[in-house]
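Excluded from the calculations below are hydrogen atoms, water molecules and symmetry mates; all remaining heavy atoms, backbone and side chain alike, are included. Residue numbers start at 1 and run along the sequence shown. Quick caveat, the model's predicted, so the values are computed rather than measured.
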Amino acid sequence: MSRIEIQTIASAAPEAAARLQAARQASGFVPHLLGVLANAPVALETYQTVTAINARGSLSAEEREVVQIAAAISNDCGFCVAGHTRIAKARLRMAAGDLEGLRADGGLVTPRLDALADFTREVIRSRGQVSDAVLQAFLAA
């Protein structure tokens with residue numbers, strides 16, 4: 001049970017409700033994270049804006065989900081793991097072997113995605129202070 005109310009399209013303030021409606025139209029559901037952020041409409045707007053900017057980066061949607069799931073597992077956020085797994089399965093159709101390996105916090109079938117997951121975990125473990133060797137191995141992959 002959430003300690004913070006999860007807003008719905010019906011219960012949210014109008015400026016947040018419109019954003020939740022757009023999220024539902026885009027993905028078929030309103031993630032609970034957005035429902036929580038809707039308690040502070042500016043926070044919801046910020047999250048959605050940063051997400052849109054991130055989508056314009058050089059990582060593919062699948063690569064972004066690998067980073068998200070690896071980070072969520074490293075940070076023990078079951079809520080986040082579940083949400084990003086749903087995206088990876090339903091929207092991106094990520095290969096089962098990759099998704100299973102990722103969720104087990106182990107190796108992925110696709111070498112490039114495996115290297116990305118490993119690097120993500122190391123960035124979190126080392127608090128961004130990865131060694132030169134780790135960085136070079138990642139860039140080589």
Side-chain angles (χ1 to χ4, degrees), residues 2-141:
S2 177
R3 296 181 310 161
I4 300 172
E5 185 177 354
I6 300 172
Q7 298 294 326
T8 65
I9 294 167
S11 67
E15 60 270 29
R19 291 184 166 281
L20 295 179
Q21 178 64 35
R24 184 171 69 187
Q25 287 175 321
S27 63
F29 69 103
V30 176
H32 284 181
L33 173 61
L34 298 186
V36 169
L37 289 173
N39 286 291
V42 172
L44 176 58
E45 178 184 7
T46 301
Y47 179 82
Q48 289 177 318
T49 299
V50 169
T51 298
I53 291 168
N54 186 35
R56 297 191 327 244
S58 62
L59 295 180
S60 69
E62 185 175 48
E63 291 166 340
R64 288 192 308 272
E65 290 308 315
V66 165
V67 170
Q68 294 281 9
I69 295 169
I73 290 169
S74 294
N75 289 309
D76 197 29
C77 181
F79 182 78
C80 302
V81 173
H84 287 286
T85 296
R86 182 173 179 175
I87 291 168
K89 274 183 172 177
R91 189 181 311 156
L92 302 178
R93 309 261 192 260
M94 183 182 285
D98 283 329
L99 192 53
E100 289 165 11
L102 183 58
R103 287 179 51 95
D105 206 16
L108 284 74
V109 175
T110 306
R112 179 178 173 87
L113 297 179
D114 190 43
L116 181 57
D118 284 345
F119 185 71
T120 300
R121 292 182 198 110
E122 184 56 29
V123 167
I124 292 168
R125 270 193 291 274
S126 68
R127 296 182 167 180
Q129 301 299 311
V130 296
S131 68
D132 288 341
V134 168
L135 177 60
Q136 289 308 313
F138 170 67
L139 294 174

Over all heavy atoms of both residues, which pair between [X] and [Y] is shortest? Give the atoms and the distance, please.
| X | Y | value |
| --- | --- | --- |
| A71 | I124 | CA-CD1, 3.4 Å |
| V81 | A72 | CG2-CB, 3.6 Å |
| I69 | A88 | CD1-CB, 4.2 Å |
| L34 | Q48 | CD1-NE2, 4.0 Å |
| V36 | I4 | CG1-CG2, 4.1 Å |
| A17 | I9 | CB-O, 3.4 Å |

R64 side chain vs L59 backbone, donor-acceptor pair below 3.5 Å: yes
Heavy-atom donor-acceptor pair, R93 side chain to A90 backbone, under 3.5 Å: yes
Spatial distance of atom CG (L44) from atom OG1 (T49) [nearest 0.5 Å]: 9.0 Å
Inter-residue atom distance R56.CZ - T51.OG1, 0.5 Å rounding: 12.0 Å
Within 6.0 angstrom of R121 CZ, more than 12 heavy atoms from elsewhere: yes
Crowding at CG, N75 (>12 non-hydrogen neighbours, <6.0 Å): yes
Any side-chain heavy-atom pair from [X] and [Y] closer than 4.5 angstrom?
| X | Y | value |
| --- | --- | --- |
| I87 | H84 | yes |
| R112 | E63 | yes |
| E62 | L113 | yes |
| E65 | L99 | no |
| E122 | F138 | no |
| T8 | L20 | no |
| V66 | T120 | no |

R19 charged N/C atom sitting above Y47 aromatic ring, 6.0 Å / 45°: no
